[in-house]
Every structure is written in structure tokens, then in C-alpha cells.
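Below is one structure, written out as C-alpha cells, with a few remarks after it.
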Protein chains: 2
Amino acid sequence: MSKKLSGFPEFLPSERIVEQQVLDHLRRTFELHGFANIETRAVEPLDVLLRKGEIDKEVYAVKRLAAADDEPAELALHYDLTVPFARYVLENAGKLDFPFRRWQIQKVWRGERPQQGRFREFTQADIDIVARDVLPFHFDVEVARVMAEALAGLPIPTATLQISNRKILEGFYLGLGITDPVAVMQVVDKLDKVPAERIHELLVEQGLDASQADRVLALAEIVTTDTSFVGRVEALGVEHELLAEGVAELAQVVDGASGVDGVVVTADLRIARGLDYYTGTVFETRLEGWEHLGSICSGGRYDELAKDRRSTYPGVGISLGVSRLLVPLALSASRSVPSAVLVAVDDEDSRADSTAIAQQLRARGIPTEVAAKADRFGKQIQYAEKRGIPYVWFPPTSVKDIRSGDQVEASPDTWSPPTSDLTPTILPKEQLS
Amino acid sequence: MSKKLSGFPEFLPSERIVEQQVLDHLRRTFELHGFANIETRAVEPLDVLLRKGEIDKEVYAVKRLAAADDEPAELALHYDLTVPFARYVLENAGKLDFPFRRWQIQKVWRGERPQQGRFREFTQADIDIVARDVLPFHFDVEVARVMAEALAGLPIPTATLQISNRKILEGFYLGLGITDPVAVMQVVDKLDKVPAERIHELLVEQGLDASQADRVLALAEIVTTDTSFVGRVEALGVEHELLAEGVAELAQVVDGASGVDGVVVTADLRIARGLDYYTGTVFETRLEGWEHLGSICSGGRYDELAKDRRSTYPGVGISLGVSRLLVPLALSASRSVPSAVLVAVDDEDSRADSTAIAQQLRARGIPTEVAAKADRFGKQIQYAEKRGIPYVWFPPTSVKDIRSGDQVEASPDTWSPPTSDLTPTILPKEQLS
């Protein structure tokens, strides 16, 4: 019964507090920007998931045990939040106000081989903006900005938001006279795993001449932390209407997302997200020192996120891998419980008095628990210490900061701990005893 | 693709706000009482779920699509939060501080036939306190109290917390000379579905004489809103040590949980929870006018929540069916988005000015969005109206309450809406236009 399942991480209470604070911060950021929340069911029809994804055999099928053995599974656990969101938009199109801006934080499941930063059950945090028929471009800038602010408030290594635009790549390739730009994009997309020389060979195998392949690689080398990429693209001497449009769009997104403390924004023309259906802006994100985790936050613009008989629904969004993001965090909470105060119990007959004091503190928003047992006070202080609870209240009117040993007379109707003690603090693990 | 799945409810954004506020209130209540949060993975080994539960064929098996067809499923979706919690306690026993008090809010899945208040995917909110070897009785009082406070703060019909104690039933039956009290308990447990005369017949079929059966039914008729049940039990003239212990315990729980506004607490000796492994206190909860939904919140004391080679872990807890609780709520939110303010856009060239105003408002905690399009102002006001956003800001320094039409000059660095407009308000659906 106590077999741990590889790829299904579970946190201890103090680690969960770190995750909770991360999730609270994300929600707060998304809601400050007016994004509405939804949740979708965990399962989708299996055929929909297989039609949409490229991850095929990694899907978890779900079937009632009561179903006949030879009855094929019709449902599966969702492997992302984008496919369910597209389905939700179509199902509720008549009741949603477009453009519809939503955030969604839920678990998703993929039957991949577990490794560092890659789980079978993990949490994603998505923001998307979807419209009916036309989605103005400024929303690309907005989702980039919101996610940059979301990342900026987290206790993580420096994040680099790498932004590109499919129109630049496609327009550049077309301007070079390449006839199958998507195939070239999929080759270029391998640049972080395959050396440039080998990519060059692969491009030539695709029918490009050496000079075309040179310039394809030269474009992919452009990485700037501002809009200076514009001049560098122009210097490559390729012209195409789509290229010009993509360059102008990317300059706006880079400008709009920049200036958030702690987040580096780059125009990075390596980023192609070759296998996805993006049609303009594309995003990836890497953490300094943790590049081997891959992108922790990716997305982009789909001109056709969803479609029904009457309408097309373009969308732009970014998906943050919360579970992956937590991997580098050697952090824990200053306590394993929410309680700021433990009310001691003199003897079991006076437990009601201690409970009454606890209720007075709670009524003023101070998380409080009552000692489990009327032990000698030394043991009750130990109980608090083990859990990291900073204050012990001795009925009727004495409260002790057990870190400093300071003890003061106080009334449960007026005393409050300093704000910094009201909720657990997040600290590097080595700072915790 | 847009086929709705029966039993897998999904909310519109404004309905989700109601659910979010319910969940926020539950979390706040549990944390004020010092309960720590955990989440467990969605899947458990199938054999564990089948061994523990009585719901057998209602379990959803989970299997990687990549697994061979004839490979049996080894995992299944959890159908409650108690079995996963017991497993978590054993797995982490060395790292937890006992008594361990935890709250857990997650989805669970059961392949039951969907009907009102009965879903295939639904949310449960559980609190439990678990100890190693010995769990003092006062924790029974505490979980009842915490759940009463949690229910009291919700916009629901009057909830009646029905409390009983297995020791009363068992002791009373033993005192009557009945040899198989558990079998009798399981018959009595059917009292809400089967008429008393029929129960009497069933008891006689079990070997009770008519006078024993009469007294078993007389005990089950006792329902009091205070500790007056004690006298009524005594009047039945049965004596047994276990009965006396149970009566004393129940009196304490009823006393301790009473006095919370909006929640009726009863000693209700019908409540037996015959099929569960409870050993003392048992809880059920019904909503006035919605009794047909069944219990929305149930639980009790297990002397053996979990067990390993060295220790036994007794526990006491209650599980609240959040999804079922939401059924009677003909409520919605005053708006479908978090935004309190929409900043209008004069023309696309000045969008950056509007965005800057929005950022100033957000920096002071005011959820704000910027108009999607530089339409004429009438259309932008309509955009806000449709979503229920109460204020429209006209750059640079004019803000209009679109409900009253009042417009004032203001600075985005100092203006705030009244607190009541900062977050969406929950209202009966008929009050919303």
C-alpha cells in the first residue's frame, strides 16, 4: 500500500505551502488583469485527444471498471488545458462574452517516462484570450506582459522569456525562395538538441542550397534583449511582406513585455515551436542555471484555436508548467501548519478556556490551534517548536514568542502578531532547522 | 467534440466565482483552525481502492494507451480523499508531526449513475486529525466545530449537523442482550428509506424479540437539539459501560459544536453509517428543503484510519461534498470577470496610455482590464456592462460608475472603488439581470 508511484509527486505540508503561495500569486496576478477563472473536467473523449495531440501513446485512458472488458475506452485524462479550453469555448460560445480572457490552473496527466522536471501528473497554469472571428494583435502583447509579471513575483531563478514570431520565419524562408517553410521550421526547431552543422546538412538534404541554409541559420542566431533584432534581420537582406509583418509584431511584444524586474525578455529567432499549430507570436521560457529542464512556460497565437459551423475562434495564450517551475526551488516554509499561535492547556478541565481564547484570536484573522494535550508547558512549547508555530499563549493573558523567549501580557481581543508572522514565510531550505 | 458528458459538470465563469468563494471560505476556516493543506495524486493502485471501498464497480480504471491491450489496469482514480490520506500518512509517517491536522480539497471520481447532486466528477473538502497510537477525544469535538463554522459562512439553506456515536448503539444493543450489534446497526441504518414497521420485522428476522426490536427503534427515534437526549436514553432503561461512554462523548460533541449561527446541531440516534468503519462519533448533515440530496457532509472517528507494522493511526474527520452543496445555490456573481474597472481606449495609438492607467490601478490591488478595441465610448461602456464591470475609466482622469451614471475626476494613483465593488458579489440569480 505504501508503494510510491514514480512520476506522481506529492508534497509534505511545508512544501505544499510553497506551492500554495506560488498558486496564490499566479491567481492574484491573473485576476488583477481581469482574467476569469474556469475549470474543465479531467476527462475528454479519447478520440478528441488523439486527433489534437502529437503525444498519442502518452495518453491515459479511463474506463469504468463496470464496463465490459472488450468495451473500448471512450474517455482519457487531459494532457494539457488547451484542448479542453477549445472544447469549452465551443460548447459555451453562446454564453461567453468575447474576447474571453480566462485563467485555468489544473492538473494534467501524461504517461511519459518520469525524469527531473517531467512528471506523469503535474499542474499547469494557463492564460488565454480568445475571440470570435477577429482577435486584435495587442492581446499578444498582453499575455506576454501578464506572464512576465506572474513570473517576476515568484522566488525562482531569473526567467528568460524567449519570444519569436512564426511570420518572421515563414516570411524569411519564402523570401529566400524556399517552398516548404514548415518543413524547414521543424528542422530549425531541433537547434537546441542538434549542432548547427548537422542542421545545415539536414537543410541541404531538404533541397536548400548552401547559401539558403547559411541564411536560415544566421536568422536563427539572432537573440536580442530589445528591438535591435529588427536591424539584424534587415541586415540579412531578405524581403517579404510576411517577414515585415512578423518583425513589426515581435518588436511590439518585446517592448510591451520588457521592464518587469527579474524577468529577461528576448527576441529569440531560434524559437519556432515547430510541431504546434501557432500562426504568429510564439513563446518559450527558460530558467537560469536550469536550462536542462526545457521550457517552463510556452505558448503563442493560434489563428484557429477552435472552429464551429459559424465561426472561427482565434486565440493567444501561454501555459506555465507549475510543477516543473517548482523543481529548482530549494525552498520550504517557516512552519508546517498555518497556525501563528498555539494556545497552551493548563489541564484538561480548562480546555474550554483555551478554546475560547483561540476563538477570540481566530475571529480577528489569526490562525490558531489549541494544544493537543495538557502536558507540562515545556512539552507544549516543543509541540509548537516542531511545527514552527512562533507564539505560545498561556491562558489567560500571557503570550510568548518562543524564538526570542520574549513573553508579554496581552488580551486575546487586542493582541496581534506582526504581519510577517501571520502566515508562513518561504525560506531557502538550508535556513530552516 | 462538443458533446456534454453527463455527470461531469462544468461552470460558466460567473458560476465558477460562486464556487471559488465557497472554496476560499472553506480554506480560510480550516487554516484559521491550524489545519495544514495537502494534495494527493489523483490515482491510487486499483487493488487498494477495491480492498478499501464498497463501491467496487464504480471505480474508474486508468491505463496508459501505450500499455498492451491484455495488460490489466493497475491504477484507478480515487473515489474519496480518505483512502489516499491514509496511504499518505503511512508513506510519510516519519516526516509528519502527530497529531497531524490536515485539510484537503480535490476532485474525486465515481462511475455512478448521474442524478441531482450525484456526479461522476465532484469536489470534496475534507478535514481530518490523525495521531499515532492515541488520539484524544477532544478532537472529535474540534472537527465537528470546525465544520459547523465552515458551513455557517456559506450562502446555503440551514444545515443540520446530525451527530451520533456508534458506542451508544453498540452499548445499547449489547445491554439489551443482542449478540450481533453490527448486523442490527446495518438494519437500523435503512430507517430513512424503509418504514419503521418493516425495520421491526427485519430485526425480528435477525432473532430479536419484539421488545428488543421496540427498544432498538425507540432509541433510533431520539433526536434532540441539545444534550437532553441523555435523559431520553436513560429512560429506556438499558445499561452498559459502552453505552454510558458513548452518551458522555456525544454530549460533549453536541455541546462543543452548538452555538454557531445558522447551523443546527442535533444528537440524532438514527445516524449509524452502518457500512463504514467508524468506531465512535459519526456525522451526517442535511440541508433544509434539500433532504433528498442526502447527506452533504459526513464522517466520524476511526480507531484505525491506517496501520503499519509498528503503529496504529486513529483518526477523526469529516468530508464535505462541495459539488453537492452547490446544487441548491441559485446564485451567481455580480460580474463574470474579476475586473472592477475597464479602462477605455481613445484610439489605438493611445492604447499605451490606457494600459499605463490600468497598471497604476492594479499596483494598488484593483483588478482592471483595458478595452479590447478603440470603439466609440458607448460600445466600450456596453463591453463593461455585459460583463458586469462596475466602473469605466476615461483617460486620463475621469471615472464613471456605469450603474448610477455618476462620473468623477480622479487620479489612478489615489482613486479606489468601495470595498464592496473590489471583488464580485454573490447574488441570487433572479436579482441579476
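Chain naming here is simple, since letters A, B, ... match the order of the sequence lines and numbering starts at 1 in each.
Neither the backbone nor the side chain of B/Q252 comes within contact range of chain A, judged by heavy atoms closer than 4.5 Å. Contacts of A/L46 with chain B are made by side-chain atoms alone, with heavy-atom separations under 4.5 Å and no backbone atom involved. Of the two parts of A/I366, only the backbone, made up of N, CA, C and O, holds a non-hydrogen atom closer than 4.5 Å to a non-hydrogen atom of chain B. The parts of B/Y60 that come within reach of chain A are both its backbone and its side chain, each placing non-hydrogen atoms under 4.5 angstrom from that chain. Only the side chain of A/L75 has a heavy atom closer than 4.5 Å to any heavy atom of chain B. With a 4.5 angstrom heavy-atom cutoff, A/E348 touches chain B only via side-chain atoms. Heavy-atom distances place no part of A/F30 under 4.5 Å from chain B, backbone and side chain included. Proximity to chain B (any heavy atom under 4.5 Å) is shown, for A/R102, by neither the backbone nor the side chain. With a threshold of 4.5 angstrom between heavy atoms, A/L96 approaches chain B through side-chain atoms but not through N, CA, C or O. A/F98 touches chain B through its backbone: at least one of N, CA, C or O sits under 4.5 Å from a heavy atom, while the side chain does not. For A/E39, the parts lying near chain B are the backbone and the side chain together; criterion is any non-hydrogen pair under 4.5 Å. Residue A/A42 touches chain B through both its backbone and its side chain, counting heavy-atom pairs closer than 4.5 Å. Using a 4.5 Å cut-off between heavy atoms, A/D255 does not touch chain B at all. Heavy atoms of A/P136 lying under 4.5 Å from chain B belong exclusively to its side chain.
Of the listed residues (B/K107, B/K373, B/K63), the one with the most heavy-atom contacts under 4.5 Å to chain A is B/K63. Ranked by heavy-atom pairs under 4.5 Å with chain A, the list B/P424, B/P367, B/A340, B/A306 is led by B/P367. The most heavy-atom pairs under 4.5 Å with chain B, out of A/F11, A/Y88, A/F35, come from A/Y88. In terms of heavy-atom pairs under 4.5 angstrom with chain A, the leader among B/E369, B/K386, B/E10 is B/E10. No other option in B/D24, B/V370, B/T423 has as many heavy-atom pairs under 4.5 Å with chain A as B/D24. Note on A/A358, A/G256, A/G365: by heavy-atom pairs under 4.5 Å with chain B, the leading option is A/G365. Per-residue heavy-atom pair counts under 4.5 Å with chain B were compared for A/A131, A/S336, A/S339, A/S14, and the maximum is reached by A/S339. Ranking A/V141, A/V337, A/V62 against chain B, the residue ahead of the rest is A/V62, based on heavy-atom pairs under 4.5 Å. Your options are B/I38, B/L135, B/T40, and the one with the most heavy-atom pairs under 4.5 Å with chain A is B/T40. Options B/E149, B/R28, B/R145 differ in how many heavy-atom pairs under 4.5 Å they form with chain A, and the most are formed by B/E149.
Heavy-atom contacts from other residues, nucleotides or ligands closer than 6.0 Å to CZ of A/R27 number more than 12.
Once rounded to the nearest 0.5 Å, the distance linking CZ of A/R309 with CG of A/L90 reads 11.5 Å. In this structure, B/L77 CG and A/R64 CZ are separated by 13.0 Å, a value rounded to the nearest 0.5 Å. Here the NE2-CD distance, from B/H78 to B/E44, works out to 8.0 Å after rounding to the nearest 0.5 Å. Taking CZ from A/F85 and CZ from A/F100, the interatomic distance works out to 5.5 Å, rounded to the nearest 0.5 Å. Atom-to-atom distance recorded for B/E385:CD and B/L342:CG is 11.5 Å, nearest 0.5 angstrom.
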Is there a side chain to side chain donor-acceptor pair (under 3.5 Å) between B/Y383 and A/D97 once you walk through the steps? CA-CA 9 Å; B/Y383 176 105; A/D97 296 314; over 6 Å; no
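A salt bridge is defined here as a Lys NZ or Arg NE, NH1 or NH2 lying under 4.0 Å from an Asp or Glu carboxylate O, and B/E19 with B/R16 meets this definition. By the 4.0 Å N-to-carboxylate-O rule, A/E15 lies too far from B/K95 to be salt-bridged with it.
Put simply, the side chain of B/R351 gets close to the backbone of B/A372: a donor and an acceptor are under 3.5 Å apart. A/R120 places no side-chain N or O within donor-acceptor distance of the main-chain N or O of A/W109, the cut-off being under 3.5 Å. Side-chain atoms of B/R335 come within 3.5 Å of backbone N or O of B/P338 as a donor-acceptor pair. Listed for the B/R101 side chain is a donor-acceptor partner under 3.5 Å among the backbone atoms of B/H33.
With respect to B/P45, the side chain to side chain contact (heavy atoms under 4.5 Å, CB included) criterion is satisfied by exactly one of B/D47, B/L49, B/V43: B/D47.
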